[in-house]
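Atom set for the values below is all heavy atoms of this structure, side chains included, hydrogens, waters and symmetry mates excluded. Quantities reported herein were computed from a predicted structural model and do not represent experimental measurements. Throughout, protein chains are lettered first and strands after them, A, B, ... in sequence-line order, and every chain is numbered starting at 1.
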Number of protein chains: 2
Amino acid sequence: MDRTARHSETRYGNRPTMKDVAARAGVGLKTVSRVVNSEPGVTPDTERRVQEAIAALGFRRNDSARVLRKGRTASIGLVLEDLADPFYGPLSRAVEEVARAHGALLINGSSAEDPEREQELVLALCARRVDGLIVIPAGDDHRYLEPEIKAGIATVFVDRPAGHVDVDMVLSDSFGGAREGVAHLIAHGHRRIGFIGDQPRIHTATERLRGYHVAMRDAGITVEDGWVSLGSTEPERVRAAAEEMLSGPEPVTALFAGNNRVTVTAVRVIAERERPVALVGFDDIELADLLGITVISQDAAAVGRTAAEHLFRRLDGADHATARVELPTTLIPRGSGELPPA
Amino acid sequence: MDRTARHSETRYGNRPTMKDVAARAGVGLKTVSRVVNSEPGVTPDTERRVQEAIAALGFRRNDSARVLRKGRTASIGLVLEDLADPFYGPLSRAVEEVARAHGALLINGSSAEDPEREQELVLALCARRVDGLIVIPAGDDHRYLEPEIKAGIATVFVDRPAGHVDVDMVLSDSFGGAREGVAHLIAHGHRRIGFIGDQPRIHTATERLRGYHVAMRDAGITVEDGWVSLGSTEPERVRAAAEEMLSGPEPVTALFAGNNRVTVTAVRVIAERERPVALVGFDDIELADLLGITVISQDAAAVGRTAAEHLFRRLDGADHATARVELPTTLIPRGSGELPPA
DNA sequence: GTGAAAGCGCTAACAC
DNA sequence: GTGTTAGCGCTTTCAC
């Protein structure tokens, strides 16, 4: 056994290479490659000998080398806020299914709503030369992506727009959804309506707030101080905001919750109080039907699927101008949004 | 511009390489490598020139080449049943956090409970030479992994044991948890208790059923035909099973639901009926507190974290015998499990 | 402090 | 049908 062979058995913890398989089968390297990749031009007999050598040695093609040579990794990156959030599970799964249909794997990362971490993750994925990138942005400046996009990494932004960079986007109609939800409460007699949302640097949070303001204005209602609260979606923060709005001499009679996490805490706070409080939440929630929670629903799986399909269309060569898709939301009345003012 | 240079600008859609950076900065290739990897032995002045060239060209290191040379991908694979299932979101996120702390990325795949798809995914990950693998198995024969493990891919099985292959495992105490839950119902006066679980080829399903049987036996109760139903967790299937158990002259007075999806459907079925039916479910569910659902809770994040920590301990060189960790479950009484028989 | 040369394991191009 | 050679873009080794 010569030096080269010993060497190749050292890397990757002793994995045999095509060269080793070729030696064992008594064929050339390229023939092994042909067999491994099911290319034509190998006689059944040679093929059998190669397969035997593969099985005997426990060979598996090293895709790192393949990728280096081919220039395509057959993988896409998905950067989102938090894989543990029930909104992102179905979204990721939908992306994964589309990727799978295109023979690609999914590399997944959570930004934890931290712009630096988002950038770190995205650039790490670029260094790995993912073929494409789906990003639910945490930050609002994505100029750092420009060289990567120019270099050919297809990119789609989801749920929130990209900052200072021209890419495809798939968004939900946050403004329209919130506006409809708040109008729904107004139609059921409410005028004193509170809005609790996510941090103001998050685009969907301010869009939903804008929907609230427009619905209120359209009804001729002046929004009072203390009816609006944006901030972290930590239960403690949301609870404090809700309790404040529901206390005092002139409490709100209804709440609009800006996302699934806010809704969950709002439901808990309301359940503890004697006087009924109407509620409409943005995003659907598991078991919300049984609890009778009225929501503005967005189809997370559809968002993910749409984004991934756009991405692969780009990878397949589509080079039209960047598009901005906005998916509609649906109001699902289940009781909590139809309660009259107390 | 010679042929080589044109060539290197063709791959990966025109990305500059270290060679291009070196040429532009007027230094050797290795010096660029030193700068990119923050290795010592470069004067501040050379470093600056290299940095300028990097910025000007929009260079980003190609990790495919790095990986090929170094033999480590700094990535781990996670194969689970369904990313969209609320049980796996927190688990994945926990794995991701541990990976991140070790500088690794996460490649994620759903088996959709299909053994073939599991194997396909796992082997694709092996071909990419992930450093480690966390698998929530769909199948029950994992001999196909033997060459990969022997070749050095650290592997941890989670939630369900591996078949015919010696690896680390992190499991929840399905048997103990189910036994406790069923005993709880018995303690509250039930004797006619139904069990609805997942498909019998899934280990946790049969373990939970075993817990049910042992609890019943310990209480001297003979399980009657029609009290047990294993199968798909599709709502239709679960609904039919539940309705059958709750009908007829001698219906069950309580249900034990084998996992989160079964519980959700069981809650819906029970809510439609007049007579109250007691319920204990395996796995906690969002908002279960508000609905008063008694559950056997397992900490999905803890399961993921434990598995990932085991994995990285192996990658850091731990070579003790394979371990089998079993994490405890917790009974959380919230009302539905404490209802007396109707 | 810096750089030239070899080679990681594969595929593309081309010869036989 | 099959094999040989070059090279993907990096890191390693070693010479200067």
Side-chain angles (χ1 to χ4, degrees), chain A residues 2-23 25-50 54 57 59-74 127-129 151, chain B residues 2-23 25-50 54 57 59-74 127-129 151:
Chain A
D2 68 4
R3 216 158 95 252
T4 311
R6 222 191 311 118
H7 218 76
S8 78
E9 285 186 351
T10 306
R11 319 227 137 256
Y12 298 104
N14 296 332
R15 295 223 77 147
T17 71
M18 282 193 181
K19 195 174 166 191
D20 301 326
V21 174
V27 300
L29 177 57
K30 178 65 202 181
T31 299
V32 177
S33 174
R34 287 198 180 92
V35 171
V36 168
N37 296 300
S38 313
E39 283 168 23
V42 182
T43 55
D45 184 59
T46 349
E47 155 132 32
R48 194 186 38 72
R49 270 162 49 224
V50 172
I54 287 174
L57 294 172
F59 168 82
R60 180 157 316 277
R61 184 181 65 196
N62 184 338
D63 279 349
S64 304
R66 177 190 177 82
V67 156
L68 179 59
R69 191 64 241 241
K70 296 199 86 117
R72 283 237 159 178
T73 54
R128 283 174 193 239
R129 297 296 190 267
Chain B
D2 67 5
R3 217 160 94 251
T4 311
R6 223 188 314 118
H7 217 77
S8 79
E9 283 183 353
T10 307
R11 318 229 135 255
Y12 298 105
N14 295 334
R15 294 225 75 150
T17 70
M18 283 191 181
K19 194 176 169 189
D20 302 326
V21 174
V27 300
L29 176 58
K30 178 63 205 181
T31 299
V32 177
S33 173
R34 286 197 180 92
V35 171
V36 168
N37 297 299
S38 313
E39 284 169 22
V42 183
T43 56
D45 184 60
T46 338
E47 155 132 33
R48 193 185 40 69
R49 271 164 48 225
V50 172
I54 287 175
L57 295 173
F59 168 81
R60 181 159 315 280
R61 184 181 67 198
N62 184 336
D63 279 350
S64 304
R66 178 191 177 80
V67 156
L68 178 58
R69 192 63 241 238
K70 296 198 84 116
R72 283 236 160 179
T73 53
R128 286 177 190 235
R129 298 295 191 266

Under a 4.0 Å heavy-atom cutoff, the residues of residues 25-40 of chain A touching DNA chain D are A/V27, A/G28, A/K30, A/T31, A/R34
Nearest to the side chain of A/L68, which nucleotide is it out of C/dT2, D/dG9, C/dC10?
D/dG9
Minimum-distance nucleotide to A/R66 side chain [options: C/dT11, D/dG1, D/dC10]:
C/dT11
To the nearest Å, how far apart are [X] [atom1] and [N] [atom2]?
| X | N | atom1 | atom2 | result |
| --- | --- | --- | --- | --- |
| B/D20 | D/dC8 | CG | C1' | 13 Å |
| A/M18 | C/dG7 | CE | P | 20 Å |
| A/R15 | C/dG9 | CZ | C1' | 13 Å |
| A/L57 | C/dG9 | CG | P | 14 Å |
| A/D63 | C/dC10 | CG | C1' | 10 Å |
| A/R72 | D/dC8 | CZ | C1' | 16 Å |
| B/R49 | C/dG1 | CZ | P | 15 Å |
| A/K70 | C/dG9 | NZ | C1' | 14 Å |

Would you check if the side chain of A/R128 reaches a backbone N or O of A/T73 as a donor-acceptor pair within less than 3.5 Å?
no
Whether B/N37 side chain and B/E39 backbone form a donor-acceptor pair below 3.5 Å
no
Using only heavy-atom distances, decide whether a donor-acceptor pair under 3.5 angstrom links the side-chain of A/R69 to the base of C/dG9.
no
Report yes if the side chains of A/N62 and A/T17 come closer than 4.5 Å at any heavy-atom pair, otherwise no.
no
If each end axis of the helix from C/dG1-D/dC16 to C/dC16-D/dG1 is fitted on five C1' pair positions, the angle between them, to 10 degrees, is 40°
From B/I54 atom CD1 to B/D20 atom CG, the distance as rounded to the nearest 0.5 Å
12.0 Å
Test log, rule side chain to side chain donor-acceptor pair (under 3.5 Å), inputs B/T43 and B/D45:
CA-CA 5 Å; B/T43 56; B/D45 184 60; 5.6 Å; no
B/V36 vs B/M18, side-chain contact (heavy atoms from CB on, under 4.5 Å): CA-CA, chis, key distance, verdict:
CA-CA 9 Å; B/V36 168; B/M18 283 191 181; 4.1 Å; yes
Side chain to side chain donor-acceptor pair (under 3.5 Å) partners of A/R49, counting only residues at least two apart:
none
Closest heavy-atom contact between A/S64 and B/V67?
OG-CG1, 3.2 Å
Could you check B/R60, B/R66, B/R61 and say which one makes a side-chain hydrogen bond (donor to acceptor under 3.5 Å, both in side chains) with B/D63?
B/R61
For a quick test of reading the model: is some side-chain N or O of B/T17 closer than 4.0 Å to OP1 or OP2 of D/dC8?
no
Distance check: side-chain N/O of B/T43 vs OP1/OP2 of C/dT2, anything under 4.0 Å?
yes
